[in-house]
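Taking it in order: structure first as structure tokens, then the write-up.
Every heavy atom of this structure was used, including side-chain atoms; hydrogens, water molecules and symmetry mates were not. The sequence lines fix the lettering, A, B, ..., with proteins before strands; numbering per chain opens at 1.
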Amino acid sequence: MPKYKIMFAKTGMSRFISHLDLSRLFERAFRRAGLPMAFSKGFNPHPKMSIAAPLAVGIAGERELLEIELTEEINSGEIARRLNEKLPEGVKVLAVQRAGEQKKSLMALVERAAYRIECTAAESVDQQEIDQVIGSLLNCSSIIVQRKVKNKIKETDIRPGIWALEGRVDNGNIIIEAELSTGNKGTVRPEELIKELEKAGLPINCACCRIYRTGLYGDGGEGIKELWQA
Amino acid sequence: MRQKLEKLLFQVQKPARYTGGEWNSVKKDWDAVKVRMAFAFPDVYEVGMSYLGLQILYHLVNQREDALMERTFAPWTDMEDLMRKEQVPLFTLESHRPVRDFDILAFTLQYEMTFTNILNMLNLAGLPLKSAHRDKNMPLVIAGGPCAFNPEPLADFIDLFVLGEGEEVLHELIDAYIEARDNNLSREQLLHKLAGIKGIYVPSFYEVEYHTGGKVKSVTPKYSGVPAVVNKRLLKDVNDAPFPTHPIVPSIEAVHDRVMLEVQRGCTRGCRFCQAGVLYRPVREKNPRTLLEQAKKIVANTGYNEISLTSLSTADYSGVRPLITALLDEHSSKGVNVSLPSLRVDAFSVDMAKEVQRVRRTTLTFAPEAGTQRLRDVINKGVTEENLLDAVTAAFGAGWHAIKLYFMIGLPTETYEDLDGIARLAKAVVRAGLSQGVSRRRLKVTVSASSFVPKSHTAFQWEPQDSLDELRNKQLYLKGKLKDKFIAFNYHDSRTSFLEAVLARGDRRLGPVLQRAFQLGCRFDSWDECFEYEKWLKAFDDVGLDPKWYAYQRYDYDDVLPWDHLNAGVSKRYLAREHKKAIKGQVTADCRSGRCPGCGLCPSLDVKPLLLGGEEYAQV
């Protein structure tokens, strides 16, 4: 049955919707839009749909991906149009394409995610200072953070999961752009990175940053590229 | 407000409880309407959004050109703390406006243990708690729902109560509000005007006198034009009643997150402990064609994957089987399932079990309520052990492996033999499962035992509740009896049931207790993680009242009850007769059977039961 790849944005107040609730939200939107979902077999059939990578509550997504199987071929543009008529505030389909016959799911392919983090600068700061802080952080051979896993504190090195990191000043805000590991092989959370930047001397308050995920990357056989194209 | 709110949302659990913006939520132009109402549900979002009444009234008010309705819920404690710290007042989800900017603030009273949340919400809204301290520049605070039939503990805080079904009276109330405001009436004048509308009870217009022993002596209107008895409102026919075909679809999972298709209103069974059975009388069935049409629209407009046939005793609906078949034929190919809430065991059959599991199998729930035939006769739950075993055998045979059984403990006349009966029944159900070949790994029988709470307007309204110790002993006894690897036993904190009993049969003197409990920090009393019994006891102590007096009071038939002036239609004489029959273990026929039990509702409220095919049963 035909499979489709859907790129969507989850912004505004809808960024507070959790991953599980978002799956439910899409299932309902498909049904409202009259798009015929394919279902799994068994006692509790559920739609053959998966969101590429869970997004933490509170983080906005600008180019998120989901995959779905329908029972009939429908024009991509029409899927996008019909879904957008039935999605609530803040969730919007940006593009739809017919997915190829690759075996691996998007979820299995995701390796990295790009983020934009907007922080209010606590004091004025120039480009050079930002570059210095970022440079010193990247020069560390390891960056150990503590994570709570099932009520236990576990130490993790996030340095290998930082693939790109840049910063700039924009209108009194500090904008951080980063590419971080995400998925089965390990994940670096953007909040962890911000905390480290704050520790390294960047004048920001990490509790007041707005985080946007701007893209998902993976290797579909031709090296790492944006999953939408992979 | 929105920016301030966003900041808080990063710091709370489940922030989507407070964001609004759900599919089918309605944002109307604030300045284009004459009346702005806020519907307040005194519990968290996930509970409130599961309430069909909210969807009905939201739809009803927002369809008016001159009015709007927005929603507000009790913020969870983490959010409340932040709101107080950051000085964010209680707000609505649609426009994120402060609740105090609205004209009417309407609470629903589903459960006594939400009462402290009501006070907390008034306080968070920046409003004085007491009705007497609010004027016409503040919202008119109204309340409806089942607990409005004995709202006396809330009499100090709520301006008026609406008794019965709100579909018609709410329009009358809004019209009267607009007219009063156009004429610049004071709050007092407005209340006088509203007290003249049938079904509206303005508590401050009544004088309550007490006997020296504490019982109520009289409740009398203070002014002419104020009715001595307020009758409930109801719809004669529910087929043409406004039903929301565009219900709001919550963005986070609600407790009941599915299409709620109301197949009928009212229940004819006459279980003697059941308040809803009295409050929602008479039975009025909806036409299956109307239901199929509504279901089609709601599925299309919501995208839900489940249609729940809701009502008090759904399996009693005359057309239930063809309705289920027709719904499944129409919707199952889209992955849409049909479910039934808890079932009476005698109305169930193999066929129905097979029908409802065509798409997705959910747990089946049966409510035998008591463990022996004797006690089931006392409560007039006319089902037999054979009914139950036939039904569960059918269900196991059709592929179910998990069954839930609801019971009540502490019912009038109960003995330990009745508790043994619960254990025996549960084990018989397990045996039925095993004999039907259910895998030993998956077979599960969940037994839930709630504690009986005597409620107003029922045949047991005169009865005391079992003492706390007695209830605890019974719970432990059952726990011991139900040690079985296939059985899971659930029961609630009996202290909650005790306070529920105090409030359910309470009078106005409990107002100060509620206020004190709120001041001491009581909220979300129905949530185990928030319930603080010691604070409640302190509140009673500070005010100088004994909660036991209320819960353990045995009333006489000729006592004035605190709710006697609020009429649900069923006569007190009938309830007394039912009570006497209960003690003798005599059953009363279902009014569906054609034998009118003479409850007095039809003549007193000028209605008739409405069954499919236009059948009506005349008075005997």
Side-chain angles (χ1 to χ4, degrees), chain A residues 10-49 56-60 69-72 82-92 120 191 194 205-211, chain B residues 2-3 5-25 27 45-46 93-94 96 246-254 257-259 297-306 331-337 357-363 399-402 442:
Chain A
K10 178 187 173 231
T11 54
M13 285 291 197
S14 81
R15 70 188 184 283
F16 295 108
I17 298 172
S18 73
H19 177 63
L20 258 173
D21 289 324
L22 187 68
S23 304
R24 245 190 307 266
L25 184 152
F26 267 108
E27 178 188 337
R28 290 171 186 167
F30 273 97
R31 206 176 272 115
R32 293 195 288 262
L35 296 166
M37 294 175 279
F39 285 87
S40 64
K41 301 275 178 284
F43 282 138
N44 283 302
H46 38 247
K48 292 187 174 173
M49 174 180 81
V57 172
I59 299 183
E69 222 175 285
L70 299 181
T71 59
E72 57 185 88
R82 276 161 70 177
L83 272 178
N84 276 331
E85 281 171 7
K86 301 292 176 184
L87 281 166
E89 221 177 296
V91 184
K92 192 173 188 297
T120 316
E191 303 92 312
I194 291 294
N205 175 0
C206 55
C208 298
C209 295
R210 290 163 153 265
I211 308 175
Chain B
R2 210 180 150 104
Q3 277 174 347
L5 172 64
E6 270 189 40
K7 217 175 103 190
L8 307 192
L9 293 181
F10 283 102
Q11 304 168 59
V12 295
Q13 303 171 34
K14 299 196 187 179
R17 283 170 169 165
Y18 314 102
T19 55
E22 309 97 316
W23 185 250
N24 289 336
S25 61
K27 266 187 201 172
Y45 177 87
E46 303 92 292
L93 299 198
E94 280 76 4
H96 299 119
H246 287 77
I248 304 166
V249 183
S251 296
I252 61 170
E253 192 175 18
D257 214 3
R258 50 187 81 99
V259 176
K297 285 185 188 156
I298 302 171
V299 169
N301 292 333
T302 60
Y304 278 127
N305 64 3
E306 187 175 331
H331 300 287
S332 62
S333 64
K334 291 170 279 177
V336 179
N337 187 35
Q357 57 119 39
R358 251 162 63 180
V359 178
R360 197 174 291 105
R361 192 164 296 159
T362 46
T363 314
W400 267 272
H401 47 81
R442 303 181 76 187

Greatest number of non-hydrogen atom pairs under 4.5 angstrom with chain A, of B:Asn24, B:Thr19, B:Asn301, B:Val299, falls to B:Thr19
Separation between CD (A:Glu89) and NZ (B:Lys27), nearest 0.5 Å, reads 4.0 Å
Okay, B:Gln11 and chain A: the region with an atom under 4.5 Å from a heavy atom over there is neither
Query raised in the report: Step by step, would you call B:Leu5 with A:Met13 a side-chain contact (heavy atoms from CB on, under 4.5 Å)?
Result: CA-CA 10 Å; B:Leu5 172 64; A:Met13 285 291 197; 4.1 Å; yes
Worksheet item: Does A:Glu85 CD have over 12 foreign heavy atoms under 6.0 Å away?
Response: yes
Separation between CG (B:Asn305) and CZ (A:Arg28), nearest 0.5 Å, reads 7.0 Å
dist A:Phe16:CZ -> B:Arg17:CZ (nearest 0.5 Å) comes out at 14.5 Å
Distance col, row A:Ile17:CD1 vs B:Glu22:CD, nearest 0.5 angstrom, shows 8.5 Å
Shortest non-hydrogen pair, A:Phe39 vs B:Lys334, comes out as CZ-O, 3.5 Å
On a heavy-atom basis, the closest approach of A:Pro88 and B:Gly21 is CB-O, 3.7 Å
Bottom line for B:Ser251: the part with an atom under 4.5 Å from chain A's heavy atoms is both
B:Ala300 backbone acceptor or donor facing A:Arg32 side chain under 3.5 Å
no
Quick one, B:Tyr304 and A:Arg31 - any side-chain contact, counting heavy atoms below 4.5 Å? no
Comparing A:Leu25, A:Leu20, A:Leu87 against chain B, the one with the most heavy-atom pairs below 4.5 Å turns out to be A:Leu87
